[in-house]
Amino acid sequence: MLTVENLFVNYGMIKALQGISLVVKEKEIVALIGNNGAGKTTTLKTISGLIKPTSGRIYFQNIDLIKLNPYQITKLGIIHIPEGRKPFANLTVYENLRLGAYFVNKKREIEERLSFVFQIFPRLKERLKQPAGTLSGGELQMLAIGRGLMAKPKLLLLDEPSMGLSPILVEEIFSVIKNINKEGTAILLIEQNAAKALSIAHRAYVLETGKIMLEGKAEELINNESVKKIYLGVG
Amino acid sequence: MNYFFQQLLNGFQLGSVYALISLGYTMIYGIIRLINFAHGDIFMLGAYFGFYAITRFKFNFFIAILFSMVLCMIINVLIEKIAYAPLRKKNVPRINLLITAIGVSFFLENFASLKIIFGPDYLPYPRPFKIITFDFLGLTLSSIQIIVFFITLVLLLILDYLIKRTKIGLAMRAVSYDKETALLMGINVDNIISLTFALGAALAGAGGVLYGICYPQIHPFMGIMPGLKAFVAAVLGGIGVISGAVLGSYIIGMIEVFTAAFISSTFRDAIAFAILIIVLLTRPQGLFGKEEGIKL
């Protein structure tokens, strides 16, 4: 579904990505784990078109993404839910959700998608008319995911969904992610919380200073000695 | 007492013209954080387009306003694409954009002064309709004032509807808050920025024609003072805040007219800029602005 080949990204003199290759297949959850500054967010931003790579190729369902603008990539069904939730705090919850389905014009379609999002996050329905700036951290993460779902994503790029949430909320968000995937959406997930990410992912890549160090099935990586040591804090 | 209310009407008239200019300042600042110092010159171009529409092409007054608005939109979008967009894409510091805007301003003023364009002379503005005066509760209200109030009101209502009730308006508010996330929503941010320049220019163009019929003399440098006053109004209201720009404009219009009427007309410009200094010293975010303050 998504193929990334030999991706290089520079920020001025800094080499952020040094030849990343990865694949996300249909209906898969793929986790990207690694320390701060390993290049996880850069990888996602390059896939969604916010950053242009110096070299490398990205294909989504055989469409070359490199030449496309971010808004065109969004239209293809690749939805990037950014780090820090990035709500439009000046807009209401409804307006935020409406923007998620920006290129949908049919009222019925928008209503249907809204009720789908409310099924998953009933809390958002209660807050509909409130400015997004007044929501709590957990509600903001729900809004960020709900806004992403409004676009009916084929591939969801999730950047640190558990960041700053209480353990109960982390559980809730991860079970939602699992359910979204069960409905057929492929997910590329970035997490600091590697144990959590590996528990729901099918496969995973371990990123270190812009390179992929390890890749494999999630259950294999959980038991890998060096992964245990560095990312899971065991051993 | 009558004199007082009469001045109130005059202040309202001047404030309306300022509001039409000031909105463009505040919207463009809102969307790309640029104080567009060439905006007063778009207003000047609008006045000239209206002038030619009425005198040369014999357009009906309302058609002339529309004609001027459309031409100003096209020109401002071209300016954005040629002068600002390439800089924006290079992520240059904002001061570079500001200096570019000043350059665009000088260019427009001097280009308009060329003999083959508009020429450097003062031109008397045509009065495309009969000036009738009404006595209204002991006040004199002219048909010019009624038309200025009416057109300003209609344009403000259209703008308000556009920004608050349409998808495009929603996209504009999203882009002004966070461009990167707006892109992720599938919004073509460049188009929304162009649209904002177009909207601001349309209002300034209409303002130019209305200014022409109120204060019937135009010249290529006529945009400087009203442009600066409208900028003061936008800062007073809180730059980036749309309702603030409108209110700020009426306040500045009133203060200016009352200064001229009750103190001395030589102070009318000084007082507007004194307000700018006071606002920046005491409440830099303006009356309705958020705490972030003004960043050039």
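Lettering follows sequence order; numbering is per chain, from 1.
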**Q.** Heavy-atom pairs under 4.5 Å with chain A, option from D190(B), T181(B), V189(B) with the top count
**A.** T181(B)
(Q) To the closest 0.5 Å, what do you measure between CG (L183(B)) and CG (L50(A))? (A) 6.0 Å
Q) Rounded to the nearest 0.5 Å, how far apart are NZ of K45(A) and CD of E180(B)? A) 4.0 Å
Are the side chains of [Y] and [X] in contact, using a 4.5 Å heavy-atom criterion?
X: Y177(B); Y: L91(A); value: no
X: M185(B); Y: T74(A); value: no
X: V104(A); Y: K167(B); value: no
X: I73(A); Y: L184(B); value: no

Within a 6.0 Å radius of atom [atom1] on [X], are there more than 12 heavy atoms belonging to other residues, nucleotides or ligands?
X: F103(A); atom1: CZ; answer: yes
X: K81(B); atom1: NZ; answer: yes
X: K52(A); atom1: NZ; answer: yes
X: K179(B); atom1: NZ; answer: yes
X: R123(A); atom1: CZ; answer: no
X: N62(A); atom1: CG; answer: no

Q) chain B heavy atoms under 4.5 Å from A101(A): which part of the residue, side chain, backbone, both or neither? A) neither
Q. Is it the side chain or the backbone of N69(A) that comes within 4.5 Å of chain B heavy atoms, both, or neither?
A. neither
Q: Among the options P82(A), A89(A), G148(A), pick out the one with the most heavy-atom pairs lying under 4.5 Å from chain B.
A: A89(A)
Q: Would you please test I187(B) and Y71(A) for side-chain contact (heavy atoms from CB on, under 4.5 Å) and show each step?
A: CA-CA 6 Å; I187(B) 297 170; Y71(A) 63 88; 5.8 Å; no
(Q) So which atom in A171(B) and which in Y102(A) form the shortest heavy-atom distance, rounded to 0.1 Å? (A) CB-OH, 3.6 Å
